[in-house]
S.K.: 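There's a structure below that I have some questions on.
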Protein chains: 2
Amino acid sequence: MSHSVSLCLMAVDREHVLTEAAALLTRRSTTSMDEIARAAGISRATLHRHFAGRDALIRALEEHGIERFARAMDAARLDDGDAAGALRRLVREAEPVAGVLAFLFTENQLFESGTVNAGWARLDARLTALFRRGQEEGDFRVDLSSAWLTEAFYGLLGAGAWAVHEGRVARNDLDHSIAELLLGGIRRSMEK
Amino acid sequence: MSHSVSLCLMAVDREHVLTEAAALLTRRSTTSMDEIARAAGISRATLHRHFAGRDALIRALEEHGIERFARAMDAARLDDGDAAGALRRLVREAEPVAGVLAFLFTENQLFESGTVNAGWARLDARLTALFRRGQEEGDFRVDLSSAWLTEAFYGLLGAGAWAVHEGRVARNDLDHSIAELLLGGIRRSMEK
DNA sequence: AAAGAATGAGACGGTCATGTCTCATTCGGT
DNA sequence: ACCGAATGAGACATGACCGTCTCATTCTTT
C-alpha cells in the first residue's frame, strides 16, 4: 500500500510549492502558473496535478496563510498578560506571514465570487477581541473602534512587509516599528 | 481655428475618463479597457484614441494621482503651525485620493519596467520632511525613522480607504480614525 | 530486475484582453 | 446647409495564459 508514502511526498511538495508561490505572488500578483511551477522546481503539468488550477492554488494559499496566522496568534498567547504585551507578541509572530496576508487581502477583492473563506472571520474575531479587551481593561483608547484597529493592524503589517521588501526599513526594526507606532503613535509623550 | 475648442473638450473627457478609471481600478485592478470605456460612457475605440493603451492610461492615472496628492499637500500647508496639526490637515485633504494612491502603489510594483515616476520621490520627500520637522521640534518621537513613518502613513491611508469601501468604517470617522491613530496610537494616555 | 506511480516536456484548443483597423454616423463650426 | 473632425460599432489579428492531454522518462517499491 503506497498510499501513505505518496501522500506524504505530496504533502512535502505541497508545502514547498505554496511557499514559493507565496513568495512570487506577494511580489507580483499576476505571476503565471508557469513561473510559479518553475520557481517551485516542478513542471507546469505537475503543478496542475497538485492544484486543480490557479484558483485552487490561490485558495490553498489562502488556507495556508490563514492557518499560519492562526498559529501566530496561538504563539502570541493573546489572552495572557496585558493587551499591549499581547499585541507586541502578535506583531512579532505575525511578521513572517505579513506578505502573504497582504497579498490575500488584495486578492480576496479580486474574488468577487462572494465565497470568502470563513477563516478570515475567525481571525478578525480574535483580533477584535484583543483590542476590545485592551479597551475594557482601560489600556486602549475607546474613541477608535476595534474594527478600525483591526483594519489598521493589517494595514500597518502589510505596509511594513512592503517597506522591508523595498529596503526602506530594516527587517530587524520591523517588529519594533510596527508595534510601537501602533501602540504609542507618532507623538512623543512623556509618560507611559 | 477649432484647435482650442477641441482640445478643451478632450481635456474634459480626459478628466472624466480618469476619474471613472480610478474608481473602477481601485476596486479591481484587472478591470478591462472595455469596462473602463463603458463606465466612462465612451467606446473602446475612443478610449484608445485618448490613451495609447492600457499602459498609457495607468501612467496618466499615476500622473493625475500624483498631482492630486501634491495639491492635497499644498492645501494642508505642511509648513504651517505644529507638525501634528499639519499631519491632521494632510490626512483630511488626502483622504479623497487615498484609494487611487493605494492602487498606484500596488500597481507600481507590477510595473517592473524600472521607470518609476519621479513625482513619487517629490511626494515622499515632502512627507518625510514633515515627519522630520516634527521630530526636530520635539513633537514626534525619534525612535521611529521618518522613512517608516512615511510608509506607515501610506499604509494607514490605504487601509482606511479600503475599510470605508468595505463598510467597516464610517467615512465620517475616517479622518479622525487615521489621524488619531497615527498621532496618538492605540494606547490610552492621560496627557496630551 | 520488474511493475507501477510520479514526473517532465511539449503539443493542442480555448478563452480573454489588447491593439489596430475600417466604415458609417453624429456632432460642431462656418 | 455643408464640411471636417470626432465618435461608435464592430471586425480582425495577435499574444498571453490557462486547462487538458499524451508520451517518454525517471523514481520508487517490491
Side-chain angles (χ1 to χ4, degrees), chain A residues 1-62 103 106-107 109-113, chain B residues 1-62 103 106-107 109-113:
Chain A
M1 198 88 54
S2 65
H3 281 61
S4 58
V5 176
S6 59
L7 281 179
C8 166
L9 288 178
M10 284 174 66
V12 171
D13 277 346
R14 195 181 164 87
E15 188 82 13
H16 177 227
V17 170
L18 285 180
T19 304
E20 293 295 328
L24 286 186
L25 287 169
T26 53
R27 278 180 245 157
R28 191 160 44 91
S29 59
T30 61
T31 309
S32 70
M33 293 292 274
D34 192 86
E35 293 174 272
I36 296 175
R38 228 173 311 153
I42 63 179
S43 76
R44 199 163 66 94
T46 306
L47 182 59
H48 272 86
R49 283 187 190 103
H50 284 319
F51 303 93
R54 185 188 176 76
D55 216 60
L57 175 63
I58 306 275
R59 295 305 179 129
L61 203 54
E62 186 176 31
F103 160 71
T106 68
E107 199 69 5
Q109 183 55 14
L110 211 139
F111 280 177
E112 44 189 325
S113 33
Chain B
M1 202 79 61
S2 65
H3 281 64
S4 57
V5 176
S6 59
L7 280 179
C8 168
L9 287 178
M10 284 174 67
V12 170
D13 277 345
R14 195 181 163 86
E15 187 82 12
H16 178 227
V17 170
L18 285 180
T19 304
E20 291 296 328
L24 286 186
L25 286 169
T26 53
R27 278 180 245 156
R28 191 160 42 91
S29 59
T30 60
T31 309
S32 70
M33 293 292 273
D34 193 85
E35 293 173 273
I36 295 175
R38 229 173 311 151
I42 62 179
S43 75
R44 200 163 67 92
T46 306
L47 182 59
H48 271 87
R49 284 187 190 103
H50 284 321
F51 303 93
R54 185 189 176 78
D55 215 61
L57 175 62
I58 305 275
R59 294 306 178 129
L61 203 55
E62 186 176 32
F103 160 70
T106 67
E107 199 69 4
Q109 184 55 14
L110 211 140
F111 280 178
E112 45 189 324
S113 33

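Just so we're clear, the structure is a prediction, and the values are computed from it rather than from any experiment. Proteins get letters first, then strands, A, B, ... in listed order; numbering begins at 1 in each.
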S.K.: Tell me: CZ of B/F51 to P of D/dT7, nearest whole Å?
M.R.: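 Going from CZ in B/F51 over to P in D/dT7 covers 12 Å.
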S.K.: Any side-chain heavy atom of B/H48 within less than 4.5 Å of one from B/M33?
M.R.: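 They are in side-chain contact.
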S.K.: Over all heavy atoms of both residues, which pair between B/A40 and B/H16 is shortest? Give the atoms and the distance, please.
M.R.: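 Looking at all heavy atoms of both residues, the closest pair is O-CE1, 3.3 Å.
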S.K.: Between P on C/dA17 and CG on B/L25, what's the gap in Å once rounded to a whole number?
M.R.: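 Whole-Å distance recorded here is 14 Å.
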S.K.: Report yes if at least one side-chain N or O of B/T46 is closer than 4.0 Å to OP1 or OP2 of D/dG8; otherwise report no.
M.R.: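 Looking at the OP1 and OP2 atoms of D/dG8, one of them is under 4.0 Å from a side-chain N or O of B/T46.
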S.K.: Between the base of D/dG8 and the side chain of B/R49, is one N or O donor paired with an acceptor at under 3.5 angstrom?
M.R.: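 When only heavy-atom distances are counted, B/R49 does reach the base of D/dG8 through a donor-acceptor pair under 3.5 Å.
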S.K.: Expressed in angstrom and rounded to an integer, what is the separation of A/H16 atom NE2 from C/dA6 atom C1'?
M.R.: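 That distance rounds to 17 Å.
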S.K.: If you compare all heavy atoms of A/L25 against all heavy atoms of A/R54, which two are closest, and at what distance to 0.1 Å?
M.R.: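 The answer is CD2-NH2, 3.9 Å.
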S.K.: Atom CE of A/M33 to atom P of D/dC18: distance rounded to whole Å?
M.R.: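 From A/M33 CE to D/dC18 P: 6 Å.
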S.K.: Ignoring hydrogens and angles, are the base of C/dG10 and the side chain of A/R44 linked by a donor-acceptor pair under 3.5 Å?
M.R.: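 Between C/dG10 and A/R44, which were checked side chain against base, a qualifying N/O pair under 3.5 Å is absent.
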S.K.: What is the distance, to the nearest angstrom, from the CD1 atom on A/I42 to the C1' atom on D/dT26?
M.R.: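 So the two atoms are 16 Å apart, to the nearest Å.
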S.K.: Show the nearest heavy-atom pair for residues A/A60 and A/F51, with the distance to one decimal.
M.R.: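 In terms of heavy atoms, the two residues are closest at CB-CE2, 3.7 Å.
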S.K.: Within this structure, what is the CG-to-C1' distance between B/D13 and C/dC27, rounded to whole angstrom?
M.R.: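 Going from B/D13 (CG) to C/dC27 (C1'), I get 13 Å.
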S.K.: Given atom NE2 of A/H48 and atom P of C/dG8, what is their separation to the nearest angstrom?
M.R.: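 About 14 Å, once rounded to whole Å.
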S.K.: When the distance from CZ of B/R54 to C1' of C/dC16 is rounded to whole Å, what number comes out?
M.R.: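 The answer, rounded to whole Å, is 13 Å.
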S.K.: Between B/H50 and D/dT7, is there a side-chain N or O to OP1/OP2 distance below 4.0 Å?
M.R.: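 For B/H50, the contact criterion (side-chain N or O under 4.0 Å from OP1 or OP2 of D/dT7) is met.
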